[in-house]
Amino acid sequence: MSASNTARSYGSVTKTFHWLTVLLILTAIPLGIIANRLAYDTSDALALKAFLFSMHKTVGITAFFVALARIAWALSQPKPAGLNPDHRAESFLAELVHWLLYGSLVLVPLTGWIHHASTAGFAPIWWPFGQNLPLVPKSEALAGFTAGLHIVLERVLAASILLHIAGALKHHFIDKDDTLRRMLPGKTEAGTPHAASKIGPLAAAVVVWIGAMGIGSALGMYQSHSETGPRAELAEVQSDWTVNSGTLALTITQFGSEVTGSFEDWTADITYAEQEGPGSHGSVTALISIGSLTLGSVTGQALGPDFFDADAHPTAEFNAELIFQADGYTAEGTLSIRGNEVPVVMPFDLSVEGNEATMSGRLTLDRRDFKIGDNMPDEGSLAFGVAVNIDLSATRSE
């Protein structure tokens, strides 16, 4: 059997691409469905879920590159003629399904890959080339959009596969022609070359994709990942210092990889007065809306009942004295999360110029002190240490 196609038969390269694609897609789709449905309420369950998602992503990326190679090969080869050119509607539908298949085989893994690159954490791709993509920023809005798009296009792909299989079986068992046999091992020649329209089916495929994406939009499938979690309404504070800008970030380590996120909503009531010598130079009371946390692909998990439990404990509170000593500043007080109050000491740097101040602090917490992630008692899936970084600038109130 020849490696190349002819006008009446498929070559060995095309057949290899076809059946390899079948294997990859029929592996990737069930893996994704099973992984999505699995719980993650224990370390072992989370590890299994992450394993299946990593396998799903890795197989999907493999399918993406196989699809590109397959398309490149198809463009260089003659396409064997259809066996029933007189059945115009059927021929049109067959071409439409082929366009949907080729396009979806690229778009489905590509949107999944962009989603993976635009968020952080959970289930890496198993390869040595890193987890990011050029020109793809870390963005929860982009992650939410591409996650929804991935699902919508996967449905188009699944429907196209079912139509493709149905058509092949019709040709084989009802028409009793050689359409299916031409894609099986061995050389089978059939069909008479004839002109076939490609623009019409391609245009129809584009309409199908646009329609599917429109349905996805109507169903609200493109929501930003940052829009999860009930946000507590924080009262305005009358502070001696008004925070102009700032970040309250945390970094966890999951399966050996760091995942960084931040709280969007928080307030700080700060008193501070420069004075000579060591001792208390002021105080701070900070309230944090737990539901405003974004933590990459694990945001929903982090806000759930086994972790921050945002529904039952919508806020965290930090109360501390601002202590100056010879070796610098510390904020010494208590941090309350999930109703668990823990003493903390946070070193920080402070710069004050007139009425403007900048501050940055670093602190490592043990999640076990706050009863967070007690269902994961070892560090294999989730490390005990959580790094907290605070950076802010403030102006002295008039």
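The figures that follow rest on heavy atoms only: side chains count, while hydrogens, waters and symmetry mates do not. Only a predicted model underlies this, so the values are computations on that prediction, with no experimental measurement involved. Start at 1 with the first residue, then count along the sequence.
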query: Side chains of Thr58 and Trp127: donor-acceptor distance under 3.5 Å anywhere?
result: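 No, because no side-chain N or O of Thr58 sits under 3.5 Å from a partner of the opposite role on Trp127.
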- prompt: Can you name the side chain to side chain contact (heavy atoms under 4.5 Å, CB included) partners of Phe64, sequence neighbours left out?
  reply: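 So Phe64 forms a side chain to side chain contact (heavy atoms under 4.5 Å, CB included) with Leu68, Val106, Pro109, Leu110, Trp113.
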query: How are the rings of His281 and Tyr329 set to each other: parallel, tilted or perpendicular (split at 30° and 60°)?
result: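 The arrangement is perpendicular - the two ring planes meet at more than 60°.
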Charged N-O contact under 4.0 Å between Arg338 and Glu317: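 No.
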Nearest-0.5 Å distance that lies between atom CG in Leu184 and atom CG in Asp178: 10.0 Å
- request: Taking atom types as modelled, find out whether Thr179 and Asp177 have a side-chain donor-acceptor pair closer than 3.5 angstrom.
  value: yes
- prompt: What pair of heavy atoms forms the shortest contact from Ala212 to Val156, and how long is it?
  reply: CB-CG2, 3.6 Å
field: Option from Asp269, Asn319, Thr267 for which side chain to side chain donor-acceptor pair (under 3.5 Å) with Thr285 holds
entry: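 Exactly one option meets the side chain to side chain donor-acceptor pair (under 3.5 Å) with Thr285, and it is Asn319.
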- prompt: Can Lys138 and Asn132 be counted as having a side-chain donor-acceptor contact under 3.5 angstrom?
  reply: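 Their side chains do contain a donor-acceptor pair, which is all the 3.5 Å distance test asks for.
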task: Search all heavy atoms of Ala357 against all heavy atoms of Trp241 and return the closest pair with its distance.
output: CB-CZ3, 3.6 Å
message: Parallel, tilted or perpendicular, judged at 30° and 60°: which one describes the rings of Phe308 and Phe263?
response: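 Perpendicular: the ring planes of Phe308 and Phe263 meet at over 60°.
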message: Less than 4.0 angstrom from a charged side-chain N to a carboxylate O is my criterion; do Asp391 and Arg362 meet it?
response: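 Salt bridge between Asp391 and Arg362, a charged N being under 4.0 Å from a carboxylate O: yes.
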field: CD1-CG distance between Ile290 and Asp265, expressed to the nearest 0.5 angstrom
entry: 11.0 Å
- prompt: Regarding Thr247 and Ser262, is there a side-chain donor-to-acceptor distance under 3.5 Å anywhere?
  reply: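 Absent: no donor and acceptor within the cut-off.
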Interatomic distance, Gln254 atom CD to Ile252 atom CD1 [nearest 0.5 angstrom]: 5.0 Å
query: Between Arg368 and Asp374, is the closest basic N to carboxylate O distance under 4.0 Å?
result: no
query: Using 4.0 Å as the upper bound for N to carboxylate O, is an ion pair formed by Glu90 and Lys170?
result: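 So Lys170 pairs with Glu90 through a salt bridge.
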message: Between Arg182 and Glu189, does any side-chain N to carboxylate O distance fall below 4.0 Å?
response: no
message: Which heavy atom of Thr119 sits nearest to which heavy atom of Ser297, and what is that distance?
response: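 Looks like OG1-N, 2.9 Å.
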message: Tell me the closest heavy-atom pair linking Ser381 and Ser43, and the distance in Å.
response: OG-OG, 3.4 Å
task: Measure across Arg8 and Pro80 and return the closest heavy-atom pair with its distance rounded to 0.1 Å.
output: C-CB, 4.1 Å
- request: Mark yes when over 12 heavy atoms from residues, nucleotides or ligands other than Leu75 sit less than 6.0 Å from its CG; otherwise mark no.
  value: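 Atom CG in Leu75 is crowded, with more than 12 foreign heavy atoms closer than 6.0 Å.
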message: Quick check for you: to the nearest 0.5 Å, what is the distance between Leu287 atom CG and Glu233 atom CD?
response: 13.0 Å
- prompt: With a 6.0 Å cut-off on ring centres, are Trp126 and Phe51 close enough?
  reply: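 Judged by ring-centre distance (under 6.0 Å), Trp126 and Phe51 do meet the cut-off.
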query: Considering all heavy atoms of both residues, which atom of Val136 and which atom of Ala117 are nearest to each other, and what is their separation?
result: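 Answer, listing the atom of Val136 first, then Ala117: CG1-CB, 4.0 Å.
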- request: Please work out which of the three classes, parallel, tilted or perpendicular, describes the rings of His164 and His18, given edges at 30° and 60°.
  value: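 It falls in the tilted class, 30° to 60°.
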message: Once rounded to the nearest 0.5 Å, what's the spacing between atom CZ of Phe348 and atom CE of Met359?
response: 5.5 Å
field: NZ/NE/NH1/NH2 to OD/OE distance under 4.0 Å, Arg367 and Glu379
entry: no
message: Evaluate Ser283 against Thr271 for side chain to side chain donor-acceptor pair (under 3.5 Å), listing each step before the verdict.
response: CA-CA 5 Å; Ser283 65; Thr271 62; 2.9 Å; yes
query: In Å and rounded to the nearest 0.5 Å, what is the OG1 to CZ distance from Thr21 to Arg70?
result: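 Taking OG1 in Thr21 and CZ in Arg70, the distance rounds to 4.5 Å.
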